[in-house]
Amino acid sequence: MPELPEVETVRRGLQSLIVGKIPTKAMVFDSPKSFPNALTDVEQFLYGATVKSVRRRAKVLLIDLSSDYSLVIHLKMTGQLVFVGDQRFAAGHPNDSMVGVLPDRSTRVELTFTDGTHLYFNDQRKFGWVKLFPTIEVPNIDFMKKVGPEPLLDDFTPEILYERLQRRKKSIIKAAILDQTVLAGVGNIYADESLWGARIHPETRVGDLSRDEITKLHHEIRAVMNLSIEKGGSTNKNYVNAEGKKGSYMEFANVFRREGQACNRCGAVITKIRAAGRGTHVCLYCQTSPMREQPVLP
DNA sequence: CACTTGACCTGTCCGC
DNA sequence: TGCGGACAGGTCAAGT
């Protein structure tokens, strides 16, 4: 999915586009799984309620309504939330939208506002979902109870990352930082990018990392995510923001999807391996550890 | 508990 | 051109 920077980019877009609007109709296409609430609840708590604010926790979006209910949305791998203010502009002009006229084949939910504008939830792979919850119950959702700290908040310190990692001492570090209960928001792209930045091989056991390495990794996770938010996120394939536009972080990526290309730091060829069950990009020559001997370029 | 693997889906790309 | 398999930004349930 969209990882933390992409979800945050969508959040910022929606905050400026839909606050104050009033949903009047929700159309669910194809799979009820995409929006499983009973129609009676949707009618009672969504229709006629005003959008108060758009929040994010981890990779989850929360659209708070004046009915004291919230739309809780997870985009998973291929989800998109695209606002269309004027259908004539959806297919490329004048706002450069990358999506065509909506709804399309991947549209799962169409939300109509009283002013005639629309919010589309598109999701090619149907892993994502939209659910209506009482706002006060959101922190009690299983995922919310288990999810780790927000990495971009000031109170997320290197010491906290070190402590959170203690529960996964025998895992490889990539699996540990992908674990949303350790910390929130890291996915496959930013796991690879931050490990490259910290010069840590993704298959290093957590228990073998020094304090200094974890401190460096903490810094890189934040630096990489902040840069990505600044660039509007990563468009690897499907991701677009709330206006249907792509993000440009991939132009700045150092390893992700750069297999076969030269490492920006040492010039060796970037390799793709499988780690933590995911495609993993690594420079085998400079991602070892500052604590260990540096391999020599072939 | 900690840790790994498969399942959930559709679409695309790559090798035969 | 067609077909099978691997793979794709994330979580969860089930297995060891």
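Just so it is clear: chains get the letters A, B, ... in the order the sequence lines come, proteins before strands, and each one is counted from 1. Just so you know, these numbers come straight off a predicted model, no measurement behind them.
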### Message
Please tell me if A:R257 has a side-chain N or O lying less than 4.0 Å from either OP1 or OP2 of C:dA8.
### Response
no
#### Entry: Nearest-neighbour nucleotide for the A:S171 side chain, B:dC3, B:dG11, C:dC12 considered
B:dC3
### Query
Within the structure, does a side-chain N or O atom of A:R274 lie under 4.0 Å from either OP1 or OP2 of C:dA8?
yes
### Query
Counting only heavy atoms not in A:I136, do more than 12 sit closer than 6.0 Å to its CD1 atom?
no
### Task
Kindly check if the number of other-residue, nucleotide or ligand heavy atoms within 6.0 Å of NZ (A:K170) is above 12?
no
### Message
I need the A:L14 CG to A:L81 CG distance, nearest 0.5 Å.
### Response
6.0 Å
### Message
Any base atoms under 4.0 Å from A:G277, or only sugar-phosphate, or nothing? Heavy atoms, all strands.
### Response
nothing
### Query
Given C:dG10, is OP1 or OP2 found less than 4.0 Å from the side-chain N or O atoms of A:K59?
yes
### Message
Would you say A:K272 places a side-chain N or O within less than 4.0 Å of OP1 or OP2 belonging to C:dA8?
### Response
yes
### Query
Got a sec? Which of residues 215-236 of chain A come in under 4.0 Å of DNA chain C, heavy atoms?
A:S234, A:N236
### Task
State whether A:K126 places a side-chain N or O below 4.0 Å from either non-bridging phosphate oxygen (OP1 or OP2) of B:dT10.
yes
### Query
If Ile, Leu, Val, Met, Phe, Trp and Tyr residues are connected whenever their side-chain heavy atoms lie under 4.5 Å apart, and connections chain through other members, are A:M27 and A:I22 in the same group?
no
### Query
Considering only the P atoms, how many Å lie between C:dC3 and B:dC9, rounded to the nearest integer?
24 Å
### A:K169 NZ to B:dC1 C1', straight-line distance once rounded to whole Å
16 Å
### Message
It should be established whether A:R168 places a side-chain nitrogen or oxygen under 4.0 Å from OP1 or OP2 of nucleotide B:dC3.
### Response
yes
#### Entry: Under-4.0 Å side-chain N/O to phosphate OP1/OP2 contact, A:H74 with C:dG10
no
### Message
Under 4.0 Å, heavy atoms only, any strand: does A:Y190 hit a base, just the sugar-phosphate, or nothing?
### Response
nothing
### Query
Are side-chain heavy atoms of A:L46 and A:N37 found at a separation under 4.5 Å?
no
### Message
Under 4.0 Å, heavy atoms only, any strand: does A:K170 hit a base, just the sugar-phosphate, or nothing?
### Response
sugar-phosphate
### Task
Could you work out which one of B:dC8, C:dC7, C:dT11 sits closest to the side chain of A:F127?
B:dC8
### Query
To the nearest Å, how far apart are A:E259 CD and C:dA6 P?
18 Å
## Note on the structure
Residues of residues 129-136 of chain A with a heavy atom under 4.0 Å from any atom of DNA chain C, listed by number, are none
### Separation of atom OH in A:Y239 from atom C1' in C:dG10, rounded to whole Å
16 Å
### Message
For C:dT11 and A:Q180 - does any side-chain N or O of the residue sit under 4.0 Å from the phosphate oxygens OP1/OP2?
### Response
yes
### Message
Nearest heavy atom decides the nucleotide; on that basis, is A:A175 or A:K237 closer to the 5' end of DNA chain B?
### Response
A:A175
### Task
Just call it for A:G128: base, sugar-phosphate, or nothing, with non-hydrogen atoms closer than 4.0 Å on any strand.
nothing
### Query
When you measure from the side chain of A:E3, which nucleotide among C:dG10, C:dC12, B:dC8 comes out closest?
C:dG10
### Salt bridge A:R167-A:D179, side-chain N to carboxylate O under 4.0 Å
no
### Message
In whole Å, measure the gap between the P atoms of B:dG6 and C:dA6 for me.
### Response
12 Å
### Query
Expressed in angstrom and rounded to an integer, what is the separation of A:R167 atom CZ from B:dT4 atom C1'?
17 Å
### Task
Name the pairing partner of B:dT5, where a pair is Watson-Crick or G-U wobble with both distances under 3.5 Å, or state none.
C:dA13
#### Entry: A:E150 with A:R57: basic N within carboxylate O range, under 4.0 Å
yes
